[in-house]
There are 2 protein chains.
Amino acid sequence: MEDAALTLFAERGFHGTGIRQLAEAAGLSSASLYHWMGTKEELLARLMRQALTRLTDAAVADLAAAPQDDPRTRVAVLVRVHVREHALRRRETRVVDGELAALGEGTRAEVLDLRDTYEQLWAEEIRRGCEDGAFTVARPDVARRAVLEMCSSVARWYRPDGPLDVEELAATYVDLTLRALGADPA
Amino acid sequence: MEDAALTLFAERGFHGTGIRQLAEAAGLSSASLYHWMGTKEELLARLMRQALTRLTDAAVADLAAAPQDDPRTRVAVLVRVHVREHALRRRETRVVDGELAALGEGTRAEVLDLRDTYEQLWAEEIRRGCEDGAFTVARPDVARRAVLEMCSSVARWYRPDGPLDVEELAATYVDLTLRALGADPA
DNA sequence: CCCATCCGATCGATCGATCGATAGGCTCAG
DNA sequence: CTGAGCCTATCGATCGATCGATCGGATGGG
């Protein structure tokens, strides 16, 4: 159910997807759908929370598994997990990034909080890297947004069945990101 | 009329904006609206074409005005005009980037053609820079998409009334882009 | 017997779009 | 100068379709 909804929301958008389309894609009547979905907006919010929580969990786990303390290494870890998730779970990302406006005020604030929590992981490593000279950026906040969005953009064009392997893709983005941050290549 | 529609489409999305909201924002009845708008989708397509044409024209003009032949200089020109347009015309950009799926097949192809025309300006300079050694990137196509999306992202967070001046912003993005491309700092 | 699951039927609201009518200004023959 | 004819711009009313959501009632395994 949730899987079919994710596909439709990603392809047609929240407002562009009707209850009856969701029901058909799930193989249910629109009435039955409400047993699983709650309201349409609650479904959207649940999908968004799941996606953001999963991304944050993956990033925290990979950071914890990395023995290195060097901000360059840790940013590289963040880029890799981010690119992997965005390349392999494009639907989730497109919905999270594109349908925030469809949420009610309270729910939107809640989802934005989850996003902030994730982005703080990046902010912390970039801040440390700037302090100890590993990175050279005039405006760390602008740089953080820039590289984050750069890495997110893979969800908008990458195709896993294309000629480019996900790990090669991630490695390319690690290079782009570290260079953009002016990483001292030590 | 078109201006009010742009605001609504950018804030609520195409499918999230009703005919009656468009009419109210334009100070007309929904019936009168159709004299100016054509169908709702024709209005969207017109807005998109205008925005993309304007962006391309600005980029071509700025490139022509730049005496330099160095790919680094020319990419810097592209970044500056791109960031300026995206920072000062956020509504247009958000609609072009976010509502492509709302277009019919024929119109979408047409708009995508306009976008391709614009992106070819970037592709050409990046290709030249890679050939003559000004840039060092493993995959020019991936790099082009990455830096383009990085620069586009300003439309999603920048506020012209904030503490950061547009030209400072553009300069920061020139740095980020040239470094990501591995520009030989000559 | 109950509870989870499903459905057909249907709710009021709103959707995008069109209708015929009207009001005002411009043109041009008489 | 007049007035008939036309064009542009506007409107209230309304079209059929679809929207998100809910109802009461099946069905069937524990």
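Chain identifiers are assigned alphabetically (A, B, ...) following the order of the sequence lines, protein sequences preceding nucleic acid strands; residue numbering begins at 1 within each chain.
Rounding to whole angstrom units, NE2 of residue His15(B) and P of dA17(D) are separated by 20 Å. Residue Leu43(A) contributes atom CG, which lies 11 Å from atom P of dA21(D) at whole-angstrom precision. Leu28(A) places its CG atom 14 Å from the C1' atom of dG8(C), with the value rounded to the nearest Å. Atom C1' of nucleotide dA9(D) and atom NE2 of His35(B) are separated by 6 Å, given to the nearest angstrom. Going from atom CG of Leu33(A) over to atom P of dC23(D) covers 16 Å, rounded to whole Å. The CD atom of Glu42(A) sits 13 Å away from the C1' atom of dG20(D) (whole-angstrom rounding). Residue Glu24(B) contributes atom CD, which lies 13 Å from atom P of dT14(C) at whole-angstrom precision. A straight line from CG of Leu44(A) to P of dG20(D) spans 12 Å, rounded to a whole angstrom.
Salt bridge status for Arg54(A) with Glu92(A): absent, with no side-chain N to carboxylate O gap under 4.0 Å.
For Ser29(A), whose side chain is taken as the heavy atoms from C-beta onward, the closest listed nucleotide among dC7(C), dG20(D), dC11(D) is dC7(C). Side-chain proximity of Ala31(B) to the nucleotides dC6(C), dA17(C), dA13(D) is greatest for dA13(D). In the set dC11(D), dA9(D), dG16(C), the nucleotide with an atom closest to the side chain of Tyr34(B) is dG16(C). In this structure, of dC15(C), dG20(D), dC6(C), it is dG20(D) that holds the atom nearest to the side chain of Arg20(A). Comparing dT10(D), dA17(C), dT5(C) by their nearest atom to the side chain of Lys40(B) picks out dA17(C).
For the OP1/OP2 pair of dT5(C) and a distance below 4.0 Å, the side-chain nitrogens and oxygens of Ser32(A) include no atom meeting the criterion. Phosphate proximity of dC6(C) to Trp36(A): present, with a side-chain N or O under 4.0 Å from OP1 or OP2.
Within a 6.0 Å radius of CZ in Arg12(A), other residues, nucleotides and ligands contribute 12 heavy atoms or fewer.
Nucleic acid contact class of Ser30(B) (heavy atoms, under 4.0 Å, all strands): base.
Inter-residue side-chain proximity for Glu125(A) and Leu78(A) is flagged as met; some heavy-atom pair is nearer than 4.5 Å.
Here the options are Glu110(A), Glu2(A), Glu42(A), the test is salt bridge (charged side-chain N to carboxylate O under 4.0 Å, His left out), and the partner is Arg49(A); only Glu110(A) passes.
The aromatic rings of Trp122(A) and His82(A) sit perpendicular, their planes meeting at an angle over 60°, well past the 30° parallel limit.
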